[in-house]
Student: 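Before I ask anything, here is the structure I am working with.
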Amino acid sequence: MLIQNDKIRLARHHQDGHSHSHPHSRGDTEVHSVKSGRREIKVVRRVLDVNDKMADENRELFNRHGVFVLNMMSSPGSGKTTTLEKSLATIMPEIKCAVIVGDICTTNDADRLAVSGAPVVQINTDEFGGDCHLAAHVIEKAARSIDLDAIELLIVENVGNLVCPAEFDIGEDARAVILSVTEGEDKPLKYPLMFRKSDIAILNKTDLLPYLDYDVGEAVRSIRQIHPDMPVFEMSSKTEEGMGPWLDWLKRQVRDKLQQA
Amino acid sequence: MHEMGIAMQIIEIATASIPTDEGDVAVARVNLKVGKLAAVVADSLRFCFEIAAKETPLEGAELDIEEIPVKARCKACDTEWTIEGPAFNCEKCDSGQIEILSGRELNIESIEIADEA
Ligand SMILES: Nc1nc2c(ncn2[C@@H]2O[C@H](COP(=O)(O)OP(=O)(O)OP(=O)(O)O)[C@@H](O)[C@H]2O)c(=O)[nH]1
Ligand SMILES: [Mg+2]
Ligand SMILES: [Zn+2]
(Lines give C-alpha, C1' and ligand atoms only; values in the text may rest on other atoms or scores of the structure.)
(Ligands and ions follow the chains in the order given, each with its own letter.)
Protein backbone atom coordinates (compact mmCIF):
# COMPACT_ATOMS: atom_id res chain seq x y z
CA MET A 1 0.00 0.00 0.00
CA LEU A 2 2.76 2.36 -0.84
CA ILE A 3 0.64 4.75 -2.81
CA GLN A 4 -0.93 6.08 0.37
CA ASN A 5 2.27 7.82 1.29
CA ASP A 6 2.06 9.90 -1.83
CA LYS A 7 -0.84 11.86 -0.51
CA ILE A 8 1.47 13.51 1.94
CA ARG A 9 3.75 14.77 -0.76
CA LEU A 10 1.79 17.84 -1.61
CA ALA A 11 4.49 19.46 -3.64
CA ARG A 12 4.35 18.03 -7.12
CA HIS A 13 7.79 18.14 -8.55
CA HIS A 14 6.99 16.31 -11.75
CA GLN A 15 5.94 19.31 -13.75
CA ASP A 16 8.46 18.81 -16.51
CA GLY A 17 6.24 16.85 -18.88
CA HIS A 18 8.76 14.07 -18.72
CA SER A 19 6.15 11.41 -19.03
CA HIS A 20 7.33 8.77 -21.46
CA SER A 21 8.20 5.55 -19.75
CA HIS A 22 11.66 4.15 -19.26
CA PRO A 23 11.06 0.50 -18.58
CA HIS A 24 14.72 -0.20 -17.97
CA SER A 25 15.79 2.83 -16.02
CA ARG A 26 16.04 2.40 -12.30
CA GLY A 27 14.98 5.96 -11.55
CA ASP A 28 17.23 8.15 -9.51
CA THR A 29 17.16 5.98 -6.42
CA GLU A 30 20.04 3.72 -5.51
CA VAL A 31 21.34 1.78 -8.46
CA HIS A 32 22.24 -1.63 -7.24
CA SER A 33 25.50 -2.93 -8.53
CA VAL A 34 26.67 -6.43 -7.86
CA LYS A 35 29.46 -6.42 -5.33
CA SER A 36 32.67 -8.18 -6.23
CA GLY A 37 32.79 -11.74 -5.03
CA ARG A 38 29.15 -12.18 -5.98
CA ARG A 39 27.33 -13.51 -8.99
CA GLU A 40 23.91 -12.38 -10.04
CA ILE A 41 21.49 -15.00 -11.32
CA LYS A 42 18.47 -13.70 -13.24
CA VAL A 43 15.14 -15.01 -12.04
CA VAL A 44 12.44 -12.61 -13.32
CA ARG A 45 9.27 -14.21 -11.97
CA ARG A 46 6.14 -12.96 -10.32
CA VAL A 47 6.31 -13.81 -6.64
CA LEU A 48 2.70 -14.97 -6.79
CA ASP A 49 3.34 -17.06 -9.89
CA VAL A 50 2.13 -20.26 -8.26
CA ASN A 51 -1.13 -18.64 -7.17
CA ASP A 52 -1.64 -17.04 -10.58
CA LYS A 53 -1.20 -20.36 -12.38
CA MET A 54 -3.58 -22.11 -10.02
CA ALA A 55 -6.09 -19.29 -10.55
CA ASP A 56 -5.84 -19.75 -14.32
CA GLU A 57 -6.54 -23.45 -13.88
CA ASN A 58 -9.56 -22.63 -11.73
CA ARG A 59 -10.78 -20.20 -14.37
CA GLU A 60 -10.52 -22.86 -17.07
CA LEU A 61 -12.41 -25.31 -14.87
CA PHE A 62 -15.21 -22.80 -14.21
CA ASN A 63 -15.33 -21.87 -17.90
CA ARG A 64 -15.69 -25.50 -18.92
CA HIS A 65 -18.76 -25.73 -16.69
CA GLY A 66 -20.13 -22.32 -17.71
CA VAL A 67 -20.16 -21.16 -14.10
CA PHE A 68 -19.90 -17.44 -13.42
CA VAL A 69 -17.67 -16.80 -10.41
CA LEU A 70 -17.94 -13.64 -8.32
CA ASN A 71 -15.35 -12.74 -5.69
CA MET A 72 -16.95 -10.59 -2.98
CA MET A 73 -14.67 -8.55 -0.79
CA SER A 74 -14.97 -5.90 1.89
CA SER A 75 -13.72 -4.85 5.31
CA PRO A 76 -14.98 -7.02 8.15
CA GLY A 77 -18.67 -6.39 8.75
CA SER A 78 -19.55 -4.30 5.69
CA GLY A 79 -22.33 -6.72 4.89
CA LYS A 80 -21.05 -9.44 2.57
CA THR A 81 -23.02 -12.25 4.21
CA THR A 82 -26.20 -10.19 4.58
CA THR A 83 -26.02 -9.07 0.94
CA LEU A 84 -25.56 -12.68 -0.13
CA GLU A 85 -28.39 -13.99 2.05
CA LYS A 86 -30.81 -11.46 0.59
CA SER A 87 -29.53 -11.85 -2.96
CA LEU A 88 -29.73 -15.65 -2.92
CA ALA A 89 -33.28 -15.48 -1.59
CA THR A 90 -34.27 -13.42 -4.64
CA ILE A 91 -32.34 -15.01 -7.48
CA MET A 92 -32.83 -18.64 -6.48
CA PRO A 93 -34.19 -20.96 -7.81
CA GLU A 94 -34.17 -19.03 -11.12
CA ILE A 95 -30.38 -19.06 -10.94
CA LYS A 96 -28.65 -22.10 -9.50
CA CYS A 97 -26.08 -20.92 -6.98
CA ALA A 98 -23.36 -22.17 -4.69
CA VAL A 99 -21.25 -20.28 -2.17
CA ILE A 100 -17.73 -20.59 -0.85
CA VAL A 101 -17.19 -18.58 2.29
CA GLY A 102 -13.85 -17.86 3.87
CA ASP A 103 -13.36 -16.90 7.48
CA ILE A 104 -10.42 -17.14 9.76
CA CYS A 105 -12.55 -19.27 12.07
CA THR A 106 -16.19 -20.16 12.93
CA THR A 107 -18.91 -21.44 10.61
CA ASN A 108 -21.42 -18.69 11.46
CA ASP A 109 -21.54 -17.22 7.97
CA ALA A 110 -21.91 -20.66 6.37
CA ASP A 111 -24.81 -21.45 8.69
CA ARG A 112 -26.52 -18.19 7.74
CA LEU A 113 -26.00 -18.79 4.03
CA ALA A 114 -27.10 -22.44 4.12
CA VAL A 115 -30.64 -21.25 4.92
CA SER A 116 -30.89 -20.24 1.24
CA GLY A 117 -30.70 -23.89 0.21
CA ALA A 118 -27.60 -23.29 -1.90
CA PRO A 119 -24.63 -25.60 -1.33
CA VAL A 120 -22.22 -23.75 0.96
CA VAL A 121 -18.58 -24.62 1.49
CA GLN A 122 -16.96 -23.02 4.50
CA ILE A 123 -13.24 -22.49 4.49
CA ASN A 124 -11.57 -21.70 7.74
CA THR A 125 -8.24 -20.23 6.81
CA ASP A 126 -6.75 -21.16 10.19
CA GLU A 127 -6.24 -24.57 8.56
CA PHE A 128 -4.08 -22.76 6.03
CA GLY A 129 -2.11 -20.68 8.51
CA GLY A 130 -4.83 -18.13 9.41
CA ASP A 131 -4.54 -16.36 6.08
CA CYS A 132 -6.19 -13.03 5.60
CA HIS A 133 -7.41 -13.97 2.11
CA LEU A 134 -8.52 -16.96 0.07
CA ALA A 135 -5.81 -18.23 -2.24
CA ALA A 136 -6.41 -20.02 -5.53
CA HIS A 137 -5.43 -23.46 -4.23
CA VAL A 138 -7.94 -23.16 -1.39
CA ILE A 139 -10.71 -22.38 -3.90
CA GLU A 140 -9.63 -25.32 -6.04
CA LYS A 141 -10.00 -27.64 -3.06
CA ALA A 142 -13.36 -26.17 -2.05
CA ALA A 143 -14.70 -26.36 -5.61
CA ARG A 144 -14.08 -30.10 -5.67
CA SER A 145 -16.95 -30.58 -3.25
CA ILE A 146 -19.37 -28.62 -5.44
CA ASP A 147 -21.18 -30.16 -8.42
CA LEU A 148 -20.23 -27.53 -10.98
CA ASP A 149 -22.60 -28.97 -13.58
CA ALA A 150 -25.52 -28.29 -11.26
CA ILE A 151 -24.82 -24.58 -10.79
CA GLU A 152 -24.56 -21.40 -12.86
CA LEU A 153 -23.26 -18.97 -10.27
CA LEU A 154 -20.56 -19.44 -7.67
CA ILE A 155 -20.14 -16.63 -5.19
CA VAL A 156 -17.03 -16.50 -3.06
CA GLU A 157 -17.29 -14.49 0.16
CA ASN A 158 -13.67 -13.63 0.80
CA VAL A 159 -12.15 -13.00 4.22
CA GLY A 160 -13.05 -9.53 5.53
CA ASN A 161 -10.03 -7.47 4.50
CA LEU A 162 -9.42 -4.77 1.91
CA VAL A 163 -5.72 -5.40 1.43
CA CYS A 164 -4.74 -9.00 0.85
CA PRO A 165 -7.62 -10.40 -1.22
CA ALA A 166 -6.89 -7.71 -3.82
CA GLU A 167 -3.54 -9.30 -4.55
CA PHE A 168 -4.73 -12.91 -4.89
CA ASP A 169 -6.48 -13.99 -8.07
CA ILE A 170 -8.72 -17.00 -7.39
CA GLY A 171 -9.92 -17.60 -10.94
CA GLU A 172 -13.01 -15.40 -10.66
CA ASP A 173 -14.84 -13.70 -13.54
CA ALA A 174 -15.56 -10.52 -11.62
CA ARG A 175 -14.84 -8.85 -8.32
CA ALA A 176 -17.29 -6.92 -6.18
CA VAL A 177 -16.21 -4.71 -3.31
CA ILE A 178 -18.65 -3.66 -0.61
CA LEU A 179 -18.23 -0.44 1.29
CA SER A 180 -20.69 0.51 4.00
CA VAL A 181 -21.74 3.98 5.05
CA THR A 182 -20.36 3.42 8.53
CA GLU A 183 -16.85 3.40 7.07
CA GLY A 184 -14.93 6.49 6.00
CA GLU A 185 -15.81 8.15 2.69
CA ASP A 186 -12.11 8.09 1.80
CA LYS A 187 -11.61 4.35 2.18
CA PRO A 188 -11.15 3.83 -1.58
CA LEU A 189 -8.25 6.28 -1.49
CA LYS A 190 -6.62 4.27 1.30
CA TYR A 191 -7.07 0.92 -0.46
CA PRO A 192 -6.57 1.84 -4.10
CA LEU A 193 -5.64 -1.62 -5.36
CA MET A 194 -8.89 -3.16 -4.14
CA PHE A 195 -11.02 -0.48 -5.75
CA ARG A 196 -8.94 -0.46 -8.90
CA LYS A 197 -9.20 -4.22 -9.37
CA SER A 198 -12.90 -4.50 -8.57
CA ASP A 199 -15.49 -4.51 -11.34
CA ILE A 200 -18.37 -3.13 -9.31
CA ALA A 201 -18.79 -1.51 -5.91
CA ILE A 202 -21.73 -1.75 -3.53
CA LEU A 203 -22.32 1.10 -1.09
CA ASN A 204 -24.24 -0.73 1.63
CA LYS A 205 -26.26 0.14 4.76
CA THR A 206 -27.87 3.19 3.19
CA ASP A 207 -30.79 2.67 5.62
CA LEU A 208 -28.50 4.19 8.26
CA LEU A 209 -27.93 7.45 6.38
CA PRO A 210 -30.55 9.45 8.32
CA TYR A 211 -28.62 8.76 11.52
CA LEU A 212 -25.17 9.52 10.18
CA ASP A 213 -23.20 12.47 9.00
CA TYR A 214 -22.12 10.62 5.90
CA ASP A 215 -21.49 12.17 2.50
CA VAL A 216 -22.56 9.66 -0.16
CA GLY A 217 -21.41 11.97 -2.95
CA GLU A 218 -17.95 12.10 -1.42
CA ALA A 219 -17.78 8.30 -1.12
CA VAL A 220 -18.81 7.83 -4.74
CA ARG A 221 -16.30 10.48 -5.78
CA SER A 222 -13.49 8.63 -3.97
CA ILE A 223 -14.46 5.39 -5.68
CA ARG A 224 -14.52 7.11 -9.07
CA GLN A 225 -11.19 8.77 -8.38
CA ILE A 226 -9.64 5.30 -8.21
CA HIS A 227 -11.85 3.59 -10.78
CA PRO A 228 -13.58 6.21 -12.92
CA ASP A 229 -16.14 4.07 -14.74
CA MET A 230 -16.96 1.50 -12.11
CA PRO A 231 -20.67 0.95 -11.44
CA VAL A 232 -21.60 1.80 -7.83
CA PHE A 233 -24.79 0.30 -6.40
CA GLU A 234 -26.19 2.19 -3.41
CA MET A 235 -28.39 -0.09 -1.33
CA SER A 236 -29.38 -1.51 2.01
CA SER A 237 -29.12 -5.24 2.30
CA LYS A 238 -31.08 -4.97 5.54
CA THR A 239 -34.20 -3.31 4.10
CA GLU A 240 -33.40 -4.52 0.55
CA GLU A 241 -33.97 -1.02 -0.75
CA GLY A 242 -31.97 -0.35 -3.90
CA MET A 243 -30.97 -3.97 -4.45
CA GLY A 244 -32.64 -4.19 -7.88
CA PRO A 245 -29.83 -2.77 -10.05
CA TRP A 246 -27.21 -4.94 -8.33
CA LEU A 247 -29.30 -8.10 -8.84
CA ASP A 248 -29.94 -7.15 -12.48
CA TRP A 249 -26.20 -6.75 -12.98
CA LEU A 250 -25.52 -10.12 -11.38
CA LYS A 251 -28.18 -11.94 -13.42
CA ARG A 252 -26.86 -10.39 -16.62
CA GLN A 253 -23.34 -11.65 -15.87
CA VAL A 254 -24.61 -15.18 -15.28
CA ARG A 255 -26.66 -15.11 -18.48
CA ASP A 256 -23.72 -13.80 -20.54
CA LYS A 257 -21.47 -16.53 -19.17
CA LEU A 258 -24.00 -19.26 -19.96
CA GLN A 259 -24.21 -18.00 -23.53
CA GLN A 260 -20.44 -18.18 -23.90
CA ALA A 261 -20.29 -21.77 -22.68
CA MET B 1 -0.81 -8.94 6.54
CA HIS B 2 0.01 -11.56 3.93
CA GLU B 3 3.69 -10.62 3.90
CA MET B 4 4.67 -13.90 5.54
CA GLY B 5 3.15 -15.87 2.67
CA ILE B 6 4.90 -13.61 0.19
CA ALA B 7 8.22 -14.00 2.02
CA MET B 8 7.83 -17.77 1.85
CA GLN B 9 7.13 -17.64 -1.89
CA ILE B 10 10.24 -15.51 -2.40
CA ILE B 11 12.32 -18.05 -0.51
CA GLU B 12 10.86 -20.91 -2.51
CA ILE B 13 11.48 -19.24 -5.87
CA ALA B 14 14.96 -18.06 -4.87
CA THR B 15 15.96 -21.48 -3.58
CA ALA B 16 14.76 -23.12 -6.78
CA SER B 17 16.81 -20.61 -8.78
CA ILE B 18 20.13 -21.63 -7.28
CA PRO B 19 21.94 -23.67 -9.96
CA THR B 20 21.75 -27.32 -8.95
CA ASP B 21 25.46 -27.95 -9.46
CA GLU B 22 26.42 -25.36 -6.87
CA GLY B 23 26.12 -27.46 -3.72
CA ASP B 24 25.84 -25.49 -0.50
CA VAL B 25 25.80 -21.82 -1.36
CA ALA B 26 24.48 -18.81 0.43
CA VAL B 27 22.28 -16.23 -1.26
CA ALA B 28 23.57 -12.80 -0.29
CA ARG B 29 20.85 -10.66 -1.79
CA VAL B 30 17.45 -10.95 -3.44
CA ASN B 31 16.47 -8.18 -5.83
CA LEU B 32 12.75 -7.46 -5.97
CA LYS B 33 10.61 -5.07 -7.96
CA VAL B 34 7.53 -3.96 -6.09
CA GLY B 35 5.00 -1.65 -7.71
CA LYS B 36 3.62 1.18 -5.62
CA LEU B 37 0.14 -0.23 -6.16
CA ALA B 38 1.07 -3.66 -4.82
CA ALA B 39 -0.50 -4.50 -1.48
CA VAL B 40 2.83 -5.05 0.22
CA VAL B 41 4.41 -3.17 3.08
CA ALA B 42 8.17 -3.20 2.57
CA ASP B 43 9.18 -3.16 6.26
CA SER B 44 6.76 -5.90 7.09
CA LEU B 45 8.03 -7.98 4.19
CA ARG B 46 11.65 -7.54 5.32
CA PHE B 47 10.72 -8.57 8.84
CA CYS B 48 8.88 -11.70 7.67
CA PHE B 49 11.62 -12.57 5.22
CA GLU B 50 14.27 -12.47 7.91
CA ILE B 51 12.30 -14.91 10.05
CA ALA B 52 11.24 -17.21 7.21
CA ALA B 53 14.78 -17.39 5.79
CA LYS B 54 16.20 -19.02 8.92
CA GLU B 55 17.85 -22.34 8.12
CA THR B 56 17.47 -21.88 4.37
CA PRO B 57 20.11 -20.88 1.80
CA LEU B 58 18.66 -17.39 2.17
CA GLU B 59 19.41 -16.97 5.85
CA GLY B 60 20.84 -13.50 6.41
CA ALA B 61 20.25 -12.45 2.80
CA GLU B 62 19.43 -8.84 2.11
CA LEU B 63 16.16 -7.92 0.37
CA ASP B 64 16.61 -5.15 -2.16
CA ILE B 65 13.21 -3.66 -2.93
CA GLU B 66 13.02 -1.41 -5.94
CA GLU B 67 9.80 0.59 -5.91
CA ILE B 68 8.16 0.87 -9.31
CA PRO B 69 6.08 3.99 -9.96
CA VAL B 70 2.50 3.75 -11.15
CA LYS B 71 2.46 4.70 -14.81
CA ALA B 72 -0.62 4.94 -16.98
CA ARG B 73 -1.63 5.63 -20.56
CA CYS B 74 -4.84 7.34 -21.52
CA LYS B 75 -6.83 5.38 -24.08
CA ALA B 76 -8.55 8.55 -25.26
CA CYS B 77 -5.63 10.91 -25.87
CA ASP B 78 -2.61 8.63 -25.56
CA THR B 79 -0.96 10.69 -22.81
CA GLU B 80 1.40 8.71 -20.61
CA TRP B 81 2.07 9.93 -17.10
CA THR B 82 3.09 8.87 -13.63
CA ILE B 83 0.28 8.61 -11.11
CA GLU B 84 1.54 10.27 -7.94
CA GLY B 85 -1.55 10.12 -5.75
CA PRO B 86 -4.81 8.22 -5.57
CA ALA B 87 -6.36 9.60 -8.76
CA PHE B 88 -6.71 7.56 -11.91
CA ASN B 89 -8.13 10.03 -14.42
CA CYS B 90 -6.02 11.21 -17.33
CA GLU B 91 -3.98 14.20 -16.21
CA LYS B 92 -4.49 15.85 -19.58
CA CYS B 93 -8.07 15.14 -20.72
CA ASP B 94 -9.58 13.73 -17.52
CA SER B 95 -10.76 10.52 -19.24
CA GLY B 96 -11.24 7.49 -16.98
CA GLN B 97 -10.37 5.08 -19.78
CA ILE B 98 -6.80 4.38 -18.83
CA GLU B 99 -4.42 1.50 -18.99
CA ILE B 100 -2.05 0.86 -16.09
CA LEU B 101 1.43 0.33 -17.54
CA SER B 102 3.34 -0.33 -14.34
CA GLY B 103 2.98 -0.24 -10.59
CA ARG B 104 1.37 -3.64 -9.97
CA GLU B 105 4.68 -5.55 -9.95
CA LEU B 106 5.60 -8.02 -7.27
CA ASN B 107 8.52 -9.63 -9.01
CA ILE B 108 11.71 -11.35 -8.07
CA GLU B 109 14.29 -10.11 -10.55
CA SER B 110 17.49 -11.84 -9.52
CA ILE B 111 19.45 -13.37 -6.71
CA GLU B 112 23.09 -12.77 -5.85
CA ILE B 113 25.24 -15.61 -4.70
CA ALA B 114 28.38 -15.07 -2.68
CA ASP B 115 31.38 -16.85 -4.17
CA GLU B 116 33.12 -19.09 -1.72
CA ALA B 117 36.11 -17.33 -0.26
N1 LIG C 1 -28.31 -1.30 9.16
C2 LIG C 1 -27.76 -2.20 8.36
N3 LIG C 1 -27.04 -3.19 8.88
C4 LIG C 1 -26.51 -4.09 8.04
C5 LIG C 1 -26.68 -4.03 6.64
N6 LIG C 1 -26.02 -5.07 6.07
C7 LIG C 1 -25.44 -5.74 7.08
N8 LIG C 1 -25.72 -5.16 8.27
C9 LIG C 1 -25.29 -5.59 9.61
O10 LIG C 1 -23.87 -5.47 9.70
C11 LIG C 1 -23.34 -6.54 10.48
C12 LIG C 1 -22.29 -7.30 9.67
O13 LIG C 1 -22.91 -7.84 8.52
P14 LIG C 1 -22.37 -9.15 7.78
O15 LIG C 1 -23.28 -9.41 6.63
O16 LIG C 1 -22.16 -10.25 8.74
O17 LIG C 1 -20.98 -8.59 7.29
P18 LIG C 1 -19.76 -9.40 6.60
O19 LIG C 1 -19.14 -8.45 5.64
O20 LIG C 1 -20.24 -10.69 6.06
O21 LIG C 1 -18.82 -9.62 7.86
P22 LIG C 1 -17.52 -10.59 7.95
O23 LIG C 1 -17.85 -11.84 7.19
O24 LIG C 1 -17.36 -10.80 9.41
O25 LIG C 1 -16.39 -9.81 7.34
C26 LIG C 1 -24.51 -7.41 10.88
O27 LIG C 1 -24.93 -7.02 12.17
C28 LIG C 1 -25.56 -7.05 9.84
O29 LIG C 1 -26.87 -7.26 10.31
C30 LIG C 1 -27.48 -2.95 6.12
O31 LIG C 1 -27.69 -2.79 4.91
N32 LIG C 1 -27.99 -2.08 7.03
MG1 LIG D 1 -19.51 -12.60 6.43
ZN1 LIG E 1 -6.33 11.62 -21.89
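Each chain gets a letter, A, B and so on, in the order its sequence line appears, and its residues count up from 1. For the numbers below, each heavy atom of this structure counts, side chains included, while hydrogens, waters and symmetry mates do not.
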Student: Give a yes or no on this: more than 12 heavy atoms of other residues, nucleotides or ligands lie within 6.0 Å of atom CD of B:Glu99.
Tutor: yes
Student: Run the side-chain hydrogen bond (donor to acceptor under 3.5 Å, both in side chains) test against A:Glu60 and tell me which residues pass, sequence neighbours left out.
Tutor: none
Student: At a 4.5 Å cut-off on heavy atoms, which part of A:Arg196 comes close to chain B: side chain, backbone, both, or neither?
Tutor: side chain
Student: Hey, is CE on A:Met230 packed in by over 12 heavy atoms from elsewhere, all under 6.0 Å?
Tutor: yes
Student: Who are the side-chain hydrogen bond (donor to acceptor under 3.5 Å, both in side chains) partners of A:Asn158, not counting sequence neighbours?
Tutor: A:Asn71
Student: Under 4.5 Å, counting heavy-atom pairs only, tell me which of B:Ser102, B:Ala14, B:Gly96, B:Pro19 racks up the most with chain A.
Tutor: B:Gly96
Student: With rounding to the nearest 0.5 Å, note down the distance linking NZ in A:Lys42 to CD1 in B:Ile111.
Tutor: 11.0 Å
Student: Are there more than 12 heavy atoms of other residues, nucleotides or ligands under 6.0 Å from atom CD of A:Glu140?
Tutor: yes
Student: What verdict does the side chain to side chain contact (heavy atoms under 4.5 Å, CB included) test give for B:Ile113 and A:Ile41, after you've listed the backbone C-alpha separation in whole Å, the side-chain angles of each residue and the deciding distance to 0.1 Å?
Tutor: CA-CA 8 Å; B:Ile113 290 179; A:Ile41 296 167; 3.2 Å; yes
Student: A:Lys80: what forms a side-chain hydrogen bond (donor to acceptor under 3.5 Å, both in side chains) with it, not counting sequence neighbours?
Tutor: A:Ser74
Student: What is the minimum heavy-atom distance between B:Ala39 and A:Glu167, and which atoms define it?
Tutor: N-OE1, 2.7 Å
Student: Check each atom of B:Arg104 against the heavy atoms of chain A and say whether the ones under 4.5 Å are side chain, backbone, both or neither.
Tutor: both
Student: State, to 0.1 Å, how close A:Gln225 and B:Pro86 come at their nearest heavy-atom pair, and which atoms those are.
Tutor: NE2-O, 2.7 Å
Student: Got more than 12 heavy atoms from elsewhere within 6.0 Å of CG, A:Asp213?
Tutor: no
Student: Are B:Arg29 and A:Glu40 close enough, and set up right, to give a side chain to side chain contact (heavy atoms under 4.5 Å, CB included), and what steps lead you there?
Tutor: CA-CA 9 Å; B:Arg29 175 147 85 168; A:Glu40 184 173 22; over 6 Å; no
Student: Does any backbone or side-chain atom of A:Phe168 lie under 4.5 Å from a heavy atom of chain B? Answer side chain, backbone, both or neither.
Tutor: side chain
Student: State whether the side chain of B:Glu112 and the backbone N or O of A:Arg39 hold a donor-acceptor pair below 3.5 Å, judged by distance alone.
Tutor: no
Student: Identify which part of B:Ile100 has an atom lying under 4.5 Å from any heavy atom of chain A, answering side chain, backbone, both or neither.
Tutor: side chain
Student: At their closest point, which heavy atom of B:Leu37 faces which heavy atom of A:Pro192, and how far apart are they?
Tutor: CD2-CB, 4.1 Å
Student: Output the option from A:His227, A:Lys197, A:Met194 having the highest count of non-hydrogen pairs under 4.5 Å with chain B.
Tutor: A:Lys197
Student: Ignoring hydrogens and geometry beyond distance, is a side-chain donor-acceptor pair present between B:Gln97 and A:Asp229 at under 3.5 Å?
Tutor: yes
Student: Tabulate, in ascending numerical order, the residues of residues 44-55 of chain A having at least one heavy atom closer than 4.5 Å to a heavy atom of chain B, or enter 'none'.
Tutor: A:Val44, A:Arg45, A:Arg46, A:Val47, A:Leu48, A:Val50
